[in-house]
Amino acid sequence: MAGARTQSAPDTRADTDDTLLAVRAAEGDEDAFAVLVHRHAPALIRLATSLLGTAAEAEDAVQDAFLSAWRRLPEFQGRAAFGTWMYRIVTNRCLNVLRARRPVAPLEAAGEVPAADHTVSPARITEGRDAVRELRDALDLLSAEQRACWVLRELDGRSYEFVADAVGISQEAVRARVFRARRCLTQALGAWR
């Protein structure tokens, strides 16, 4: 029909605000929640993989976090952005996993270092793999909180304010944990300087 307007569900549009989607999801709108999951899951899985070291554990942590968020949506008041709220839930879930498995916590998230092109020598490839292994071992020396703060700040590029909100500590505490993590990593990776 020429005069009829087709109207798509506004909660599935890419430009729909997260807060509006969260409100709709809290009212039981599963499609709105699916948009939020689709929008935020990739970054949250990257974060969880950086913290936990394995894709399987990361996916489980993020799935658990989204299930928890679904149940707790009525509590979401929009004081922080939905994404920040999810970062906090995922970070806490990962910290619990890390605390439960300490002191053995390998970080396999960095994976193998691929050769950039065919001109890279086998010696350079081996050196790169050794560097990744050394970084994994060095990250195992950090406490769960130091690791979370360092990963969010250094690998994810988040602000101190964001990290503080995600981890649930003050900005000063984040700065201290990142500083101690850097110092520990610098000492552990001294041979690579």
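Keep in mind that this is a model prediction, so the values were computed, not measured.
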Do Ile89 and Arg72 touch side chain to side chain, with heavy atoms closer than 4.5 Å? yes
Would you call the rings of Phe76 and Trp85 parallel, tilted or perpendicular if under 30° counts as parallel and over 60° as perpendicular? tilted
Give the minimum heavy-atom separation between Gly168 and Arg88, together with the two atoms involved. CA-NH2, 3.1 Å
Roughly how far, to the nearest 0.5 Å, is CG of Leu21 from NE2 of His40? 8.0 Å
Check the hydrophobic clustering (I, L, V, M, F, W, Y; side-chain heavy atoms under 4.5 Å; chains of links allowed) and say if Met86 and Val23 are grouped together. no
For Ala188 and Leu141, which heavy atoms make the closest approach, and how far apart are they? CB-CD1, 3.9 Å
Ring-face cation of Arg158 near Tyr87 (centre distance under 6.0 Å, axis angle within 45°): yes
dist Asp165:CG -> Thr84:OG1 (nearest 0.5 Å) comes out at 6.0 Å
For Ala48 versus Val90, what's the shortest heavy-atom pair and its separation? CB-CG1, 4.1 Å
Counting C-beta onward and ignoring hydrogens, is there a side-chain heavy-atom pair between Val167 and Cys149 closer than 4.5 Å? yes
Has the side chain of Glu57 got a donor or acceptor atom that lies under 3.5 Å from a matching backbone atom of Thr54? no
Using the rule given for side chain to side chain contact (heavy atoms under 4.5 Å, CB included), can you reason through Leu98 versus Arg147, listing the C-alpha separation, both sets of side-chain angles and the distance that settles it, and then say yes or no? CA-CA 10 Å; Leu98 288 170; Arg147 186 182 213 167; 3.4 Å; yes
Connected via hydrophobic side-chain network under 4.5 Å: Val62 and Trp70: yes
Drop me the distance from Asp60's CG to Cys94's SG, to the nearest 0.5 angstrom. 10.5 Å
Measure the CG-CD distance between Leu185 and Glu154 for me, rounded to the nearest 0.5 Å. 9.0 Å
In terms of heavy-atom contacts, does CD of Gln171 have more than 12 from other residues, nucleotides or ligands at under 6.0 Å? yes
I would like to know whether Asn96 and Arg99 meet side chain to side chain contact (heavy atoms under 4.5 Å, CB included); could you show each step before the answer? CA-CA 5 Å; Asn96 289 338; Arg99 288 181 190 120; 3.3 Å; yes
Side chain proximity check, Thr19 to Phe82, heavy atoms < 4.5 angstrom: no
Is there a side-chain contact between Glu172 and Arg175 in this structure, where contact means two heavy atoms from C-beta onward sitting under 4.5 Å apart? no
Is any side-chain heavy atom of Leu44 closer than 4.5 Å to one of Phe66? yes
Find the distance between CH2 (Trp150) and CZ (Arg182) and round it off to the nearest 0.5 Å. 9.5 Å
Heavy-atom closest contact (Ala166 atom, Thr91 atom, distance): O-CB, 3.9 Å
Does a sphere of radius 6.0 Å around CD in Glu30 hold more than 12 heavy atoms from other residues, nucleotides or ligands, not counting ones at 6.0 Å or beyond? no
Is there a salt bridge (charged side-chain N to carboxylate O under 4.0 Å, His left out) between Arg39 and Asp18? Walk through the geometry before answering. CA-CA 9 Å; Arg39 187 176 287 173; Asp18 280 355; 2.4 Å; yes
Hey, any chance Leu51 and Leu155 share a hydrophobic cluster, counting ILVMFWY side chains that come within less than 4.5 Å of each other, even indirectly? yes
Heavy-atom closest pair, residues Val163 and Arg153: CG2-N, 4.1 Å
Nearest heavy-atom approach of Ser68 to Arg93 is CB-NH2, 3.4 Å
